[in-house]
Amino acid sequence: MGRELFLETPPGFSFRHTVYSHGWSELLPFRLDAETWRLTYVFRAKSKPVSAVVTSSGNGLKIDVAGGRFDEERLIRDVRHILRLDEPLEEFYELTNLDERLRWVAPSNAGRLLRSPTVFEDMVKTLCTTNCSWSLTRIMTTNLVEKLGTRAVGGGSAFPTAEALASVDEKFYREEIKAGYRSPYFVELSEAVASGRLDPEAWLTTDIPTPELKKEIKSLKGFGDYAADNLLKLLGRYDGLALDSWLRSQFYKKHNRERTCADKKIERHYKKFGSWRGLAIWCDMTERWFDEKLFD
DNA sequence: GCGTCCAGGTCTACC
DNA sequence: GGTAGACCTGGACGC
């Protein structure tokens, strides 16, 4: 039997801008119905994962949990975390308000990037975005969830645990997940986390300066500049631009008359946003996404 | 149907 | 520190 929970949101929170902030809502165990703006996610629970649907409702969020036994406090914590309800963006908005082309960001309450309940899940998904088309990213994450995730109450499967990911070998990743040359990276990462040698969740609260943290992330196989910067953004550190081919091509179109240029020029363009430059470029490059949708 | 290119890059070897 | 070449896969594209 299902249960309905309600979670109050802070002023200046946009559900639609958050769930549609980047491609994560298209990757299992997220599912987004952009017509009805229903965000489904399979949450880890006490015995068996549970599927829940999150929708915007008045001054908060309605969470319809499919059923099963679950820790309400933990589920609420996960929802707060994935939607970044506790992330202060005032300083960022002060900067975007000073920029003519980014003045839309603050009134829209944009800038919250959807993330997974665990840093580990975001790491695996980030690996799935490297050097491939978005369609292949979706194939790999779908395979991971459907072939290694635990079935949930209410349908779907949870994102697999580090232990589950560490229980299969490189051959499985190549043949079943279609991860190709990335396969040993998944094995190394999941074994490190499952054994306790690596604790990425601690990065959410660590005081380590960002350059040092980036160095630590880059010491992992498969995490280069883009992947490390992307993960740092999801951790709430926006110093790096996380330039990939898509972001570069968008910049060329919008700010460089469709001509390629060196990364240094892109970095100069966003320098004025200081430690928020990674979020500034992302908002700038995705502005048209929100023109195409009906927003609250 | 087939070959080529490239996509939400990174690693290694070499200079 | 900078760079060339290799690397899985799937989809788009040209022929």
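Look at the P atom in both B/dC5 and C/dG5: the space between them is 14 Å, to the nearest Å. To the nearest whole angstrom, the two P atoms, one in C/dG11 and one in B/dT10, are 23 Å apart.
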Kindly give the atom pairs (protein nitrogen or oxygen, nucleotide nitrogen or oxygen) under 3.5 Å for nucleotides 7-9 of chain B.
residue, atom, partner, partner atom, Å
B/dA7, N3, A/Ser133, N, 3.1
B/dG9, OP1, A/Ser245, N, 3.0
B/dG9, OP1, A/Ser245, OG, 2.9
B/dG9, O5', A/Asn131, N, 3.0
B/dG9, O4', A/Asn131, N, 3.2
B/dG9, N1, A/Asn131, ND2, 3.0
B/dG9, N2, A/Asn131, ND2, 3.3
B/dG9, N2, A/Tyr181, OH, 3.0
B/dG9, N3, A/Asn131, ND2, 3.4

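For the residue pair A/Asn143 / A/Lys178, no side-chain donor-acceptor distance below 3.5 Å is found, with atom types taken as modelled. A side-chain donor-acceptor contact under 3.5 Å links A/Asp284 and A/His255. Looking at A/Asp239 and A/Trp276, their side chains never bring a donor and an acceptor atom within 3.5 Å of each other. At a cut-off of 3.5 Å, with distance as the only test, no side-chain donor of A/Thr55 or A/Arg38 sits close to an acceptor on the other residue.
Ion pairing of A/Lys214 with A/Asp229 is present here, as a side-chain N (NZ or NE/NH1/NH2) and a carboxylate O approach within less than 4.0 Å.
Atom OH of A/Tyr185 and atom P of C/dT9 are 14 Å apart (whole Å). Note: NZ (A/Lys178) to P (C/dG11) measures 11 Å, nearest angstrom. Taking atom CZ of A/Phe186 as the reference point, atom P of C/dC7 lies 19 Å away to the nearest angstrom. Regarding A/Ile139, its CD1 atom lies at a distance of 8 Å from the C1' atom of C/dT9, rounded to whole Å.
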**Message:** Counting primed atoms plus P, OP1 and OP2 as sugar-phosphate and everything else as base, spell out the protein contacts along nucleotides 1-6 of chain C at 4.0 Å heavy-atom distance: B, S or - for each nucleotide, 5' to 3'.
**Reply:** ------
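The residue A/Leu220 sits close only to the backbone: its heavy atoms come under 4.0 Å of sugar-phosphate atoms, none of a base.
Here B/dC11 sits opposite C/dG5 as a Watson-Crick or G-U wobble pair (both hydrogen-bonding atom distances under 3.5 Å).
Within a 6.0 Å radius of NZ in A/Lys147, more than 12 heavy atoms belonging to other residues, nucleotides or ligands are found.
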